[in-house]
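Let me begin by presenting the structure, written as structure tokens, before commenting on it.
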Amino acid sequence: MPTPKENRFKSTRSQEMLNTNQFLILYGEAFPELEGEIFDNDYRGLLPLQVGLLGSHINYYIKSGMLKEVKRVFIFFEQMMPQVNSEVENALVVSFLEHVKMDGDNENEIAARKLLAPQYLQLWKSLRQVMLPPKTPPGKTKTKRRR
């Protein structure tokens, strides 16, 4: 039988993590302007769609140059990532971060990239490379040269 000291260190990650419902409550509180859509009956139980709303939201802010709001969204994302269970974490990465449009060279996109924590910026870059692989310039082919 484990001693009380051993039990204290036996807790599993899933017991400490926020579950989907807990996350959705915090999400709705952090973004009351999205709360109606987050909890809409058509979205209920569809976590990727619920989290995807945040992607559309931040893309509007980036395009509009509303950098304080971009920072607010990124802070929420960065605070949630280490606290959520794997299902929510996956939704945050795949349905939110992967769809943040800040790959361009305009000042809003450059500024938005600077607002995301370095480890998440690197993850975003990796996701975008997979989603939008570099294009081969017209007239160039990827064939091997014969010698």
Tell me, do Glu87 and Leu47 make a side-chain contact under 4.5 Å, heavy atoms counted? yes
Show your working on side-chain contact (heavy atoms from CB on, under 4.5 Å) between Phe77 and Leu54 and close with a plain yes or no. CA-CA 10 Å; Phe77 167 78; Leu54 195 56; 5.5 Å; no
What pairs with Ala117 under side chain to side chain contact (heavy atoms under 4.5 Å, CB included), at least two apart in sequence or on another chain? Glu78, Gln119, Tyr120
dist Phe23:CZ -> Met17:CE (nearest 0.5 Å) comes out at 13.5 Å
Can you name the closest pair of heavy atoms from Leu53 and Tyr27 and give their distance? CB-OH, 3.6 Å
What I'd like to find out is whether the side chain of Met81 reaches to under 4.5 Å of the side chain of Val93, using heavy atoms alone. yes
Might you point out which heavy atoms bring Asn108 and Leu67 nearest each other, and give the distance in Å? O-CD2, 4.0 Å
I need the Lys71 NZ to Ile58 CD1 distance, nearest 0.5 Å. 10.5 Å
Check Ile110 against Gly104 and note the closest heavy-atom contact, atom names and distance. CG1-O, 4.2 Å
Suppose we screen for side chain to side chain contact (heavy atoms under 4.5 Å, CB included). Which residues come up paired with Glu33, at least two apart in sequence or across chains? Phe31, His57, Tyr61, Arg72
Decide whether Phe76 and Ile25 are clustered together by the hydrophobic rule: side chain heavy atoms of Ile, Leu, Val, Met, Phe, Trp, Tyr closer than 4.5 Å, transitively. no
Do Val88 and Leu46 belong together in a cluster built from hydrophobic side chains that touch within less than 4.5 Å? yes
Are Met102 and Leu121 packed together at the side-chain level, in the sense that at least one heavy-atom pair is separated by less than 4.5 angstrom? yes
Just how far is it from atom CD of Glu37 to atom CG of Leu49, taken to the nearest 0.5 Å? 11.0 Å
Is the NZ atom of Lys101 crowded by more than 12 outside heavy atoms at less than 6.0 Å? no
Taking atom CG of Leu123 and atom CD of Glu98, what is their separation to the nearest 0.5 Å? 9.0 Å
Exercise: identify the closest heavy-atom pair between Leu97 and Trp124: O-CD1, 3.1 Å
Identified salt bridge (charged side-chain N to carboxylate O under 4.0 Å, His left out) partner of Asp103 from the options Arg113, Lys125, Arg128: Arg128
I would like to know whether Gln50 and Leu24 meet side-chain contact (heavy atoms from CB on, under 4.5 Å); could you show each step before the answer? CA-CA 8 Å; Gln50 291 168 305; Leu24 289 174; 3.8 Å; yes
Is there a donor-acceptor contact under 3.5 Å from the side chain of Asn59 to the main chain of Gly55? yes
State, to 0.1 Å, how close Phe74 and Ala112 come at their nearest heavy-atom pair, and which atoms those are. CE1-O, 3.4 Å
Looking at every non-hydrogen atom in both residues, tell me the closest pair between Gln22 and Leu18 and how far apart they are. OE1-CA, 3.3 Å
For Tyr60, I'd like to know if atom OH has over 12 heavy atoms of other residues, nucleotides or ligands within 6.0 Å. no
Gap between atom CD of Glu16 and atom CD of Gln83 - 0.5 Å precision: 11.0 Å
